Amino acid sequence: MDRFDRILCMPTIHSLTLPEPNDSMDAKGETIGTPSKQRRGRTMLAITGATGQLGRLVIAALLRTVPAGEIAALVRDVDKASDLAAKGVVVREADYNRPETLGPALAGVDKLLLISGNEVGHRVPQHKAVIDAAKTAGVKLIAYTSALHADTSPLGLAEEHRQTEALLRESALPTVLLRNSWYTENYTASIPAALQHGVMIGSAGVARIASATRADFANATAAVLVAPEDQAGRVYELAGDEAYTLAEFADELSRQTGKTITFQNLSEADYKAALVGAGLPEAVAAMLAQSDAAAGQGALFDDSHDLGRLIGRPTTPLKDAIAAALKG
């Protein structure tokens with residue numbers, strides 16, 4: 001998700017994505033808690049996209065309780081994972097676009113975290129290659145990073161996640177779905193531009209957004225991977241405990257900086273035009289504008305509190321995320 005994240009976090013943009021009805025049970029009402037209380041026995045865990053922003057955070061969370069030799073970092077470029085190898089993590093080449101690398105990478109793996117790819121429009125065949133290789137390798141559980149309410153989401157980006165979830169069902173592999181909301185960092189990345197111009201722009205209107213930090217999502221993912229309870233068939237709708245509007249985001253930014261920052265809501269078409277004017281390719285601008293308009297329909301809101309239960313504490317408040325971004 002590295003390249004995709006960088007596109008979506010450009011300073012002129014305030015949002016990212018950074019995802020069918022089924023009979024899977026969800027996690028409501030159940031506390032899994034922190035990884036330190038969950039470790040039982042030896043299990044080989046593999047993380048795809050391990051040198052990406054989320055992947056690195058998941059591995060860091062796992063290393064607090066899991067021996068490094070029981071974690072496999074699956075990466076396209078092994079040289080970029082030299083720091084992980086230095087910590088004792090097993091580094092293996094695994095390229096979504098080169099299926100021949102996937103079988104060897106998954107040898108001996110018990111649980112696989114499939115982090116959704118960053119090549120929008122090409123992710124379904126990439127994910128299918130990983131799923132097929134996992135089935136052949138005898139992987140016992142796949143955890144997949146999907147999108148919040150992927151089965152019903154109006155986000156255009158959710159379609160590839162719906163298709164991937166369908167592939168997982170068809171594979172009959174034991175699966176747990178981690179349906180992630182937006183990263184708060186996708187909004188804090190726009191702070192420099194907001195401070196420069198005194199305004200944030202978007203198409204989400206007054207909709208409430210339940211984003212969370214990458215670290216919170218990573219800690220929840222690690223908790224699921226090492227949970228002693230069987231996770232197969234579970235669906236977690238992962239979102240921040242505190243939902244806010246973009247106007248409230250602007251207000252909090254104003255409070256912390258002493259500068260007046262306002263939120264200007266635009267139509268989807270006008271927001272797309274503004275993004276094109278800021279230098280984004282038209283297709284990317286259209287995707288982002290549609291995503292923001294979908295957020296205006298409630299696509300990024302959830303109040304299940306699954307995320308807080310998984311990490312064993314309240315999710316990081318918006319004010320803290322803004323403060324951290326301002327400190328750099």
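What you see is a predicted model, and the numbers here were worked out from it, not measured in a lab. We're numbering straight along the sequence, starting at 1.
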Participant: Sub-3.5 Å donor-acceptor pair from the side chain of Thr145 to the main-chain atoms of Ser116, do we have one?
Facilitator: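 Answer holds: yes.
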Participant: For Val139 and Leu173, which heavy atoms make the closest approach, and how far apart are they?
Facilitator: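 Taking every non-hydrogen atom into account, O-CD2, 3.6 Å.
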Participant: With sequence neighbours excluded, what pairs up with Ser171 under the side-chain hydrogen bond (donor to acceptor under 3.5 Å, both in side chains) test?
Facilitator: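 Once residues adjacent in sequence are excluded, Ser171 has no partner under the side-chain hydrogen bond (donor to acceptor under 3.5 Å, both in side chains) criterion.
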Participant: Identify, with sequence neighbours excluded, every residue that meets side-chain contact (heavy atoms from CB on, under 4.5 Å) alongside Ala286.
Facilitator: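 Counting only residues at least two positions away or on another chain, Ala286 forms a side-chain contact (heavy atoms from CB on, under 4.5 Å) with Lys272.
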Participant: Who passes salt bridge (charged side-chain N to carboxylate O under 4.0 Å, His left out) against Glu242, sequence neighbours left out?
Facilitator: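 With sequence neighbours excluded, Glu242 shows a salt bridge (charged side-chain N to carboxylate O under 4.0 Å, His left out) to no residue whatsoever.
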Participant: Any heavy-atom pair between the side chains of Leu238 and Asp216 that's under 4.5 Å?
Facilitator: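 Contact flag for Asp216/Leu238 side chains = no.
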Participant: Can Leu141 and Gln231 be said to form a side chain to side chain contact (heavy atoms under 4.5 Å, CB included), step by step?
Facilitator: CA-CA 8 Å; Leu141 179 73; Gln231 297 298 302; 4.1 Å; yes
Participant: Under a 3.5 Å distance rule, please check whether Glu185 uses its side chain to pair with a backbone N or O of Arg214 as donor and acceptor.
Facilitator: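 Such a contact is found between Glu185 side chain and Arg214 backbone.
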Participant: Flag the pair Asn265 / Phe263 as yes when at least one side-chain heavy-atom distance between them is below 4.5 Å, and no otherwise.
Facilitator: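 Yes, close enough: below the 4.5 Å cut-off.
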Participant: Return yes if a side-chain donor-acceptor contact under 3.5 Å exists between Gln290 and Tyr271, otherwise no.
Facilitator: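 No, no side-chain donor-acceptor contact under 3.5 Å.
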Participant: Test of understanding: with side-chain contact (heavy atoms from CB on, under 4.5 Å), list the residues that count as partners of Ala94, not counting sequence neighbours.
Facilitator: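 Ala94 satisfies side-chain contact (heavy atoms from CB on, under 4.5 Å) with Leu74, Leu102, Ala105 only.
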Participant: I'd like to know whether Glu119 forms a side chain to side chain contact (heavy atoms under 4.5 Å, CB included) with Asn97, so could you lay out the CA-CA distance, the side-chain angles of the two residues, the decisive distance to 0.1 Å, and finally the verdict.
Facilitator: CA-CA 10 Å; Glu119 297 179 43; Asn97 292 318; 3.2 Å; yes
Participant: Centroid-to-centroid, Tyr183 to Phe217, below 6.0 Å?
Facilitator: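 Yes, ring centres under 6.0 Å apart.
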Participant: If we ignore angles and hydrogens, is there a donor and acceptor under 3.5 Å between the side chains of Ser304 and Tyr236?
Facilitator: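 Checked: Ser304/Tyr236 side chains show no N/O donor-acceptor pair below 3.5 Å.
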Participant: Would you call Lys135 and Asp132 a salt bridge, using N to O less than 4.0 angstrom?
Facilitator: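 A salt bridge is absent here (no side-chain N lies under 4.0 Å from a carboxylate O).
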Participant: Rounded to the nearest 0.5 Å, what's the gap from OG on Ser153 to CD on Gln297? Could you check?
Facilitator: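 Interatomic distance, Ser153 OG to Gln297 CD, rounded to 0.5 Å: 9.0 Å.
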Participant: Under 4.5 Å between side-chain heavy atoms, hopping through other hydrophobics if needed: is there a path connecting Leu57 to Ile115?
Facilitator: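 Different hydrophobic clusters.
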Participant: Can you find a heavy atom in the side chain of Ile261 that is under 4.5 Å from one in the side chain of Met200?
Facilitator: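 Yes, at least one pair of side-chain atoms sits under 4.5 Å.
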Participant: Go through the structure and list residues passing side-chain contact (heavy atoms from CB on, under 4.5 Å) with Glu248, not counting sequence neighbours.
Facilitator: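 Glu248: side-chain contact (heavy atoms from CB on, under 4.5 Å) contacts with Arg208, Tyr244, Thr245.
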Participant: Which residues pass the side-chain hydrogen bond (donor to acceptor under 3.5 Å, both in side chains) test with Asp95, not counting sequence neighbours?
Facilitator: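 In terms of side-chain hydrogen bond (donor to acceptor under 3.5 Å, both in side chains), with neighbours along the sequence ignored, Asp95 is linked to no residue.
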Participant: Among residues at least two apart in sequence or on other chains, which ones pass side-chain hydrogen bond (donor to acceptor under 3.5 Å, both in side chains) with Glu93?
Facilitator: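 Applying side-chain hydrogen bond (donor to acceptor under 3.5 Å, both in side chains) to Glu93 gives Arg98.
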Participant: Are the side chain of Arg313 and the backbone N or O of Arg309 linked by a donor-acceptor pair below 3.5 Å?
Facilitator: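 No: the side chain of Arg313 does not pair with the backbone of Arg309.
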Participant: Looking only at non-hydrogen atoms, find the nearest pair between Ser181 and Ser211 and report the distance.
Facilitator: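 Scanning both residues, the minimum pair turns out to be OG-CA, 4.1 Å.
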Participant: Keeping Thr184 on the side-chain end and Ala212 on the backbone end, is there a donor-acceptor pair under 3.5 Å?
Facilitator: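 Here the side-chain-to-backbone pair exists.
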Participant: Mind checking whether Ile209 and Phe301 sit in one hydrophobic cluster, side chains of I, L, V, M, F, W, Y counted as touching below 4.5 Å?
Facilitator: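 No; tracing contacts between hydrophobic side chains, which count when under 4.5 Å, never links both residues.
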Participant: Is any NZ, NE, NH1 or NH2 atom of the basic residue among Arg179 and Glu165 found under 4.0 Å from an Asp or Glu carboxylate oxygen of the other?
Facilitator: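 Yes, this pair counts.
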Participant: Any side-chain heavy-atom pair from Arg64 and Asn219 closer than 4.5 angstrom?
Facilitator: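 Side-chain contact under 4.5 Å: yes.
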Participant: Within this structure, what is the OG1-CG distance for the pair Thr221 and Leu310, rounded to the nearest 0.5 Å?
Facilitator: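 Separation between the atoms: 8.5 Å.
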Participant: Test your reading of the model: is there a side-chain donor-acceptor pair from Gln256 to the backbone of Lys319, 3.5 Å cut-off?
Facilitator: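 Present.
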Participant: Quick one: are Leu195 and Pro192 in side-chain contact, heavy atoms under 4.5 Å?
Facilitator: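 No, their side chains stay 4.5 Å or more apart.
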Participant: How long is the span from the OG1 atom in Thr51 to the CD1 atom in Ile59, to the nearest 0.5 Å?
Facilitator: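 Those atoms lie 8.5 Å apart.
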Participant: Considering only residues two or more places apart or on different chains, which pairs with a residue in residues 108-131 satisfy ring-ring contact (aromatic ring centres under 6.0 Å, His included)?
Facilitator: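 Matches after skipping sequence neighbours: His127-Tyr144.
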Participant: Please give me the minimum heavy-atom distance between Leu253 and Thr257, naming the atom from each residue.
Facilitator: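 The pair with the smallest heavy-atom distance is O-OG1, 2.8 Å.
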Participant: How many angstroms lie between CG in Leu300 and NE2 in His149, if you round to the nearest 0.5 Å?
Facilitator: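 It is 9.5 Å, given to the nearest 0.5 Å.
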Participant: If we only count heavy atoms from C-beta on, is the Val75 to Val91 side-chain gap below 4.5 Å?
Facilitator: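 Yes, side chains in contact.
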Participant: If we only count heavy atoms from C-beta on, is the Tyr187 to Leu318 side-chain gap below 4.5 Å?
Facilitator: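 Tyr187 does not reach Leu318 side chain to side chain.
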Participant: Side chain to side chain contact (heavy atoms under 4.5 Å, CB included) for Ile47 and Leu62? Distances and angles first, verdict last.
Facilitator: CA-CA 11 Å; Ile47 316 299; Leu62 289 172; 3.9 Å; yes
Participant: Working note: Leu266 + Asp292, criterion side chain to side chain contact (heavy atoms under 4.5 Å, CB included); need CA distance, chi angles, decisive distance, verdict.
Facilitator: CA-CA 10 Å; Leu266 304 174; Asp292 222 47; over 6 Å; no
Participant: Group every Ile, Leu, Val, Met, Phe, Trp and Tyr by side-chain heavy-atom contacts under 4.5 Å, then state whether Leu326 and Leu246 land in the same group.
Facilitator: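 Same hydrophobic cluster.
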Participant: Between atom CD1 of Ile311 and atom CG of Asp306, what is the distance when rounded to the nearest 0.5 Å?
Facilitator: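 Ile311 atom CD1 to Asp306 atom CG measures 11.5 Å (nearest 0.5 Å).
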Participant: Could you report the tightest heavy-atom contact between Val58 and Ala222, atom names first, then the distance?
Facilitator: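 Of all heavy-atom pairs spanning Val58 and Ala222, the closest is O-CB, 4.4 Å.
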Participant: Write out all pairs satisfying salt bridge (charged side-chain N to carboxylate O under 4.0 Å, His left out) with one or both partners inside residues 217-228, taking only residues at least two apart or from two chains.
Facilitator: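 Matches after skipping sequence neighbours: none remain.
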Participant: If I take atom CD1 from residue Ile131 and atom CG from residue Leu167, how far apart are they, to the nearest 0.5 angstrom?
Facilitator: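 Those atoms lie 5.0 Å apart.
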Participant: Please check this pair: side chain of Gln264 against backbone of Ile201, looking for a donor-acceptor N/O pair closer than 3.5 Å.
Facilitator: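 Not at all, since once roles are kept as given, no pair shorter than 3.5 Å links the two residues.
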Participant: Minimum heavy-atom separation for Ala129 and Pro99, please, with both atom names.
Facilitator: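 The answer is CB-CG, 4.3 Å.
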Participant: For Thr101, which residues count as a side-chain hydrogen bond (donor to acceptor under 3.5 Å, both in side chains) partner, sequence neighbours excluded?
Facilitator: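 side-chain hydrogen bond (donor to acceptor under 3.5 Å, both in side chains) list for Thr101, sorted by chain: empty.
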Participant: For residues 106-113, dump all side-chain donor-acceptor pairs below 3.5 Å to protein atoms at least two apart in sequence or in another chain.
Facilitator:
residue	atom	partner	partner atom	Å
Asp110	OD1	Lys140	NZ	2.9
Asp110	OD2	Met44	N	2.8
Lys111	NZ	Leu225	O	2.9

Participant: Do the non-hydrogen side-chain atoms of Val276 and Leu280 ever get within less than 4.5 Å of each other?
Facilitator: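 Of all side-chain heavy-atom pairs linking Leu280 with Val276, none is under 4.5 Å.
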Participant: Compare every heavy atom of Ala299 with every heavy atom of Leu148, then report the nearest pair and how far apart it is.
Facilitator: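 Closest pair (atom of Leu148, atom of Ala299, distance): CD2-O, 3.7 Å.
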Participant: Pairs in or reaching into residues 252-264: which pass salt bridge (charged side-chain N to carboxylate O under 4.0 Å, His left out), with residues at least two apart or in two chains?
Facilitator: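 Output for this query lists Glu252-Arg255.
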